[in-house]
> 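Okay, here's the structure, questions in a sec.
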Amino acid sequence: MSVVQLKEKLCSLAEAAKLIKNGSRITFGGFTIHNHPMAFIYELIRQGVKDLTIVGFTNGNEVDILVGAGCVKRIETCYVGLEKFGVAPNFRRAVEKGEIEVVEYSEDLAIERFQCSARGDPFIPSRILFGSDIPKYNRDIKEGVSPLDGGKYHAIPPADPEWVIVHTPMGDRYGNALYFPNMQLPMNWDLVMTRTTNKVIVTVEQIIDRERVLRLSHLNMIPRFRNVAIVEAPYGAHPSSYLQLYNFDAEHLTMYARLARDPAEFKKYLDKYVYGVKSHLDYLKLIGVENLMKIRHVGGGL
Amino acid sequence: MSVVQLKEKLCSLAEAAKLIKNGSRITFGGFTIHNHPMAFIYELIRQGVKDLTIVGFTNGNEVDILVGAGCVKRIETCYVGLEKFGVAPNFRRAVEKGEIEVVEYSEDLAIERFQCSARGDPFIPSRILFGSDIPKYNRDIKEGVSPLDGGKYHAIPPADPEWVIVHTPMGDRYGNALYFPNMQLPMNWDLVMTRTTNKVIVTVEQIIDRERVLRLSHLNMIPRFRNVAIVEAPYGAHPSSYLQLYNFDAEHLTMYARLARDPAEFKKYLDKYVYGVKSHLDYLKLIGVENLMKIRHVGGGL
Amino acid sequence: MNEEPTVYEVMAAAVSHELKDFERWFLGLATGEETILLLSHVPLVGMALAQHTHAPNSVMSVAGWGLNPVLNEMPTLESEIPTTTIHWRCEAHITMSAPFHPFATKRGDVDVGFASAAHVDKYGNCNTVCIGDYHRPKIRLIGPVNQPLHFSCFGREIIIMPHEKRNFVDRVDFISGVGYLDGPEARSRLGFLGSGPVMILTDKAVFDFEPKTKLARLKSLHPGVSLEDTRGNTGYVHNFMPEEVAITPQPTPEELRIIREVIDPRGVLLPR
Amino acid sequence: MNEEPTVYEVMAAAVSHELKDFERWFLGLATGEETILLLSHVPLVGMALAQHTHAPNSVMSVAGWGLNPVLNEMPTLESEIPTTTIHWRCEAHITMSAPFHPFATKRGDVDVGFASAAHVDKYGNCNTVCIGDYHRPKIRLIGPVNQPLHFSCFGREIIIMPHEKRNFVDRVDFISGVGYLDGPEARSRLGFLGSGPVMILTDKAVFDFEPKTKLARLKSLHPGVSLEDTRGNTGYVHNFMPEEVAITPQPTPEELRIIREVIDPRGVLLPR
């Protein structure tokens with residue numbers, strides 16, 4: 001292959017985030033307080049994107065901050081919470097005030113909706129929701145009768161996001177994105193999300209040489225043809241963990257959970273950590289080298 | 001955990017094969033001429049099992065020899081062939097004579113039927129079979145109408161095998177079965193088959209210590225609770241390849257493809273290689289150390 | 001073992017006594033520190049206790065990362081999951097989601113699951129979604145999470161929650177986990193694989209479900225808990241709140257030794 | 001490059017000329033030595049030629065084991081797949097099946113696929129299942145394999161087969177791959193994503209499909225092949241067998257150099 005002719009997809013956070021228009025249907029990778037593309041999300045907030053529909057799964061701080069910043073209109077999800085740090089304060093307040101629409105799914109179906117999209121099936125026939133109030137309030141779910149056994153089922157719609165944003169350890173400037181071996185479940189979930197659209201944006205901890213990608217081809221789980229843009233963002237999941245690379249920032253999340261309970265305090269948080277920084281590097285400086293070293297985990301991918 | 005109280009599942013080929021009754025609905029792992037549990041299949045033939053329904057995928061020499069030995073009543077499959085060694089002679093002859101029933105699926109649906117079973121869904125709604133003659137002859141597939149978009153779909157039944165037999169590189173006497181890292185697609189397909197029933201039998205190249213299993217827990221892809229029996233069968237996929245461990249035996253498969261064209265010649269083949277050997281070790285002696293060394297592939301799992 | 005068992009040890013023993021050999025158990029993640037202690041650490045110790053006593057062939061799936069972890073090597077469970085779980089010893093790591101996950105959950109692979117909820121009602125229905133009107137809730141909760149699966153497909157469900165009056169209601173505002181819905185016939189009408197909730201375990205008592213009506217009933221009080229205290233803290237009243245009830249069996253000295261010396265030698269799972 | 005191109009090189013160039021930059025191409029496995037040469041090696045070289053000339057951003061998925069393999073390091077393709085493919089250089093190895101496979105095939109990820117068949121008919125319908133009555137066939141073939149997917153969801157399908165009279169029929173006995181079924185309206189009626197077969201490539205000629213009727217028509221003869229020879233070896237007759245046809249473009253000297261020196265320097269893919 002003639003490497004010189006390959007299209008480069010490497011761009012800045014600002015350039016990548018500009019691709020997302022108001023009202024987009026969007027999915028962010030990660031699980032509760034792990035592996036979220038936070039640097040990208042901060043940039044979306046800085047750019048003032050509005051009316052997002054988040055096609056979610058087991059959501060956490062990434063959704064809470066977007067809701068708190070007024071970017072979200074609707075969330076399809078099974079969970080929004082901060083795991084050991086408790087409830088998601090902005091999400092909770094917005095729902096109680098009727099400011100956002102929530103569409104409920106069970107956890108298994110929330111992720112299987114992405115598998116359904118990746119498989120290209122028109123729906124998932126499911127029988128686990130009978131008796132629960134999910135189909136009563138989620139009007140996207142319809143009842144059908146199986147042509148095989150004549151029994152009822154619920155037709156669960158595929159996830160079908162327009163945009164999918166995930167964070168991975170490394171990638172090249174042409175868009176190939178690699179994982180470490182010994183994947184854990186959240187990486188597997190992210191992976192299936194990237195199979196549901198051709199509008200994938202990947203943020204990576206580090207851009208590596210194409211020659212290294214060719215030597216690590218068994219780790220090239222999101223080949224470049226799937227991606228429209230790739231962005232370098234070291235510690236780009238902070239304050240979420242990135243499994244195998246760094247733990248979540250417990251002090252920061254404790255502070256976040258406290259401040260987010262009060263809209264005025266949360267405004268100050270946003271002013272300091274999102275609006276007040278000019279670049280992702282500035283954000284990392286604000287977090288400070290001591291914190292970054294404390295949560296670091298060396299050899300986690302082995 | 002109290003290791004001493006763990007139930008042992010290690011048994012002989014003969015003991016394991018006795019579990020399969022006439023008329024069973026059964027799936028064998030592997031793909032075309034790769035990774036099939038051939039030692040187990042030879043033992044099934046020796047025991048004279050009859051009227052099997054094979055729930056298949058991309059089948060090869062494992063199905064051809066079972067058909068030729070008169071063990072099979074029905075095959076649900078997308079392919080029976082010997083890849084570079086051409087058509088599957090016994091399968092072809094039996095179908096042409098009307099001796100076995102074939103139920104046709106496309107390749108993607110044949111494997112997704114196992115995923116459907118593993119997910120516990122009542123059917124797969126599919127829209128790729130319109131216009132083809134598959135639904136015309138496969139009466140297990142029924143047409144339905146989507147409750148979501150009102151369009152027609154075909155309801156594809158789940159695979160739902162009673163028995164699943166796969167071959168893996170290693171396992172312990174309690175039933176844990178391990179793969180090498182860097183799985184290839186056929187291992188991934190085998191894996192999903194083992195999620196479709198609790199009646200899984202695993203044959204392995206080698207039984208290893210439980211302590212090693214605990215150190216290699218990220219490779220323990222078929223934990224012991226899924227299995228009812230585990231059997232040691234070195235070169236247990238011969239004359240199929242076992243990807244990462246040994247190539248297929250090209251000379252043997254060439255001979256097989258030639259002899260299987262003629263029922264009388266095939267009878268001699270069976271007499272020599274199946275009925276004529278008393279144990280799997282005798283079979284390996286018959287194949288000969290020179291052949292076994294020639295197809296061996298060292299370091300394939302790295 | 002001179003010390004008395006703590007309430008958490010009593011609860012862990014109650015879990016252990018409910019579990020059988022050759023079973024498959026499923027533990028998910030919890031939200032908030034207190035819930036993590038009750039819903040993650042108590043059942044973890046309970047499952048491990050069962051494996052060390054009467055259920056060596058059982059398999060526990062923990063927090064989506066592994067089967068049969070070696071608990072006594074654990075740092076605190078939740079805070080260290082992100083970066084180190086993959087290196088902890090266990091019998092099998094879980095790297096792939098359904099349909100490759102080792103547990104085919106909707107095929108009935110799970111014999112026992114564990115759930116918590118903000119509200120549970122007299123038929124064992126659970127609510128983790130909202131309190132008040134769905135569209136303008138008084139309190140929005142975390143969402144349905146995996147409750148529909150737990151309560152429809154798992155063999156038996158153990159509900160664990162803090163014993164507060166507000167947690168027990170006559171009828172939940174949103175059914176995320178279907179107990180016996182509205183009576184003893186409901187589950188077979190709904191076509192569920194699993195047999196539903198079998199126990200509500202709190203820090204004061206154990207409830208089970210009366211076989212004929214499927215109404216929750218007080219089964220036993222933990223040692224030292226008074227009936228009045230329990231009654232005052234149980235928000236709904238029904239026919240099965242008796243005048244006298246049994247005492248929840250204490251862990252035996254051998255069980256207590258296993259918990260404290262073998263399973264949790266550093267006291268990171270259960271406070272004591 | 002003094003030598004004349006072989007027929008396989010002419011075919012590979014014809015494949016290359018059909019392919020565009022930024023496309024995704026899908027090559028499956030073939031059965032039998034001759035089919036492997038035509039259906040695996042010819043398109044492999046054709047795809048690689050396109051990547052080395054006008055389509056550097058395209059991606060080829062090969063035999064379920066990798067994306068964009070480095071072909072000049074290959075031993076013969078089929079015989080070595082089992083044990084060594086995972087160690088061959090490529091841009092990405094394929095380790096997981098759908099829904100984790102890099103190509104979401106039913107969502108339209110594949111722009112061009114390759115198929116062969118025992119029979120193809122005038123509407124490009126393909127048959128890999130049986131010849132004669134389905135229930136008592138004269139000849140049983142391999143089965144539908146992946147043809148329903150190729151012909152419904154892939155953008156364009158290139159059919160490659162040996163040019164023998166018996167392979168071309170008026171109507172196939174079993175439709176495993178749906179071409180234009182029974183006319184130009186059929187595919188939109190069936191709701192297919194893909195636009196269907198665009199080329200039948202043989203060792204003698206290239207056929208395309210007449211835009212209005214969607215009937216297969218002779219487009220060009222390979223250099224040195226006579227129209228009479230082709231006509232005599234095409235089992236069905238229709239309006240689009242002309243008196244004079246074009247000659248299939250030969251590979252340019254530069255294309256030939258790339259095939260022989262860069263892609264297949266050891267001649268393991270195409271005999272010459």
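Letters A, B, ... are given to chains in the order of the sequence lines, protein chains preceding strands, and every chain is numbered from 1.
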> Given that the side chain runs from C-beta out, which part of D/Phe103 has a heavy atom under 4.5 Å from chain A: side chain, backbone, both or neither?
both
> If you tally heavy-atom pairs under 4.5 Å against chain D, which of A/Leu219, A/Leu191, A/Thr196, A/Val213 wins?
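So the answer, after comparing A/Leu219, A/Leu191, A/Thr196, A/Val213, is A/Thr196.
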> Which label fits A/Trp189 and A/Phe57: parallel for a plane angle under 30°, tilted from 30 to 60°, or perpendicular past 60°?
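Judged by the thresholds at 30° and 60°, the geometry between A/Trp189 and A/Phe57 is perpendicular.
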> Check whether A/Thr194 gets within reach of chain D through its side chain, its backbone, both or neither, counting any heavy atom under 4.5 Å.
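Contact with chain D: none, neither part.
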> Please determine, among A/Ala118, A/Cys116, A/Gly120, A/Ser117, the option with the most heavy-atom pairs under 4.5 Å with chain D.
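Of A/Ala118, A/Cys116, A/Gly120, A/Ser117, A/Ala118 has the most heavy-atom pairs under 4.5 Å with chain D.
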> Side chain, backbone, both or neither: which part of A/Arg119 has a heavy atom under 4.5 Å from chain D?
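For A/Arg119, the contact with chain D is made by backbone and side chain together.
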> Could you label the plane-to-plane angle of the A/Phe28 and A/Phe40 rings as parallel, tilted or perpendicular, counting under 30° as parallel and over 60° as perpendicular?
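Because their plane-to-plane angle lies in the 30° to 60° range, the rings of A/Phe28 and A/Phe40 count as tilted.
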> Which value, rounded to the nearest 0.5 Å, describes the distance between D/Ser152 atom OG and D/Leu193 atom CG?
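Separation between the atoms: 7.5 Å.
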> With a 4.5 angstrom heavy-atom cut-off, could you sort out which part of D/Asp109 is near chain A: side chain, backbone, both or neither?
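For D/Asp109, the side chain is the part near chain A, not the backbone.
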> Does the ring centre of A/Tyr242 sit less than 6.0 Å away from the ring centre of A/His34?
no
> I'd like to know whether A/Glu76 forms a salt bridge (Lys or Arg N to Asp or Glu O under 4.0 Å) with A/Arg25, so could you lay out the CA-CA distance, the side-chain angles of the two residues, the decisive distance to 0.1 Å, and finally the verdict.
CA-CA 10 Å; A/Glu76 305 175 10; A/Arg25 187 171 169 83; 2.9 Å; yes
> Compute both the distance and the angle, then confirm whether A/Arg210 meets the cation-pi test with A/Tyr174: under 6.0 Å from the six-membered ring centre, within 45 degrees of the axis.
yes
> For the interface with chain D, which of A/Ile222, A/Asn176, A/Asp121 has the highest count of heavy-atom pairs at distances below 4.5 Å?
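Highest number of pairs under 4.5 Å: A/Asn176.
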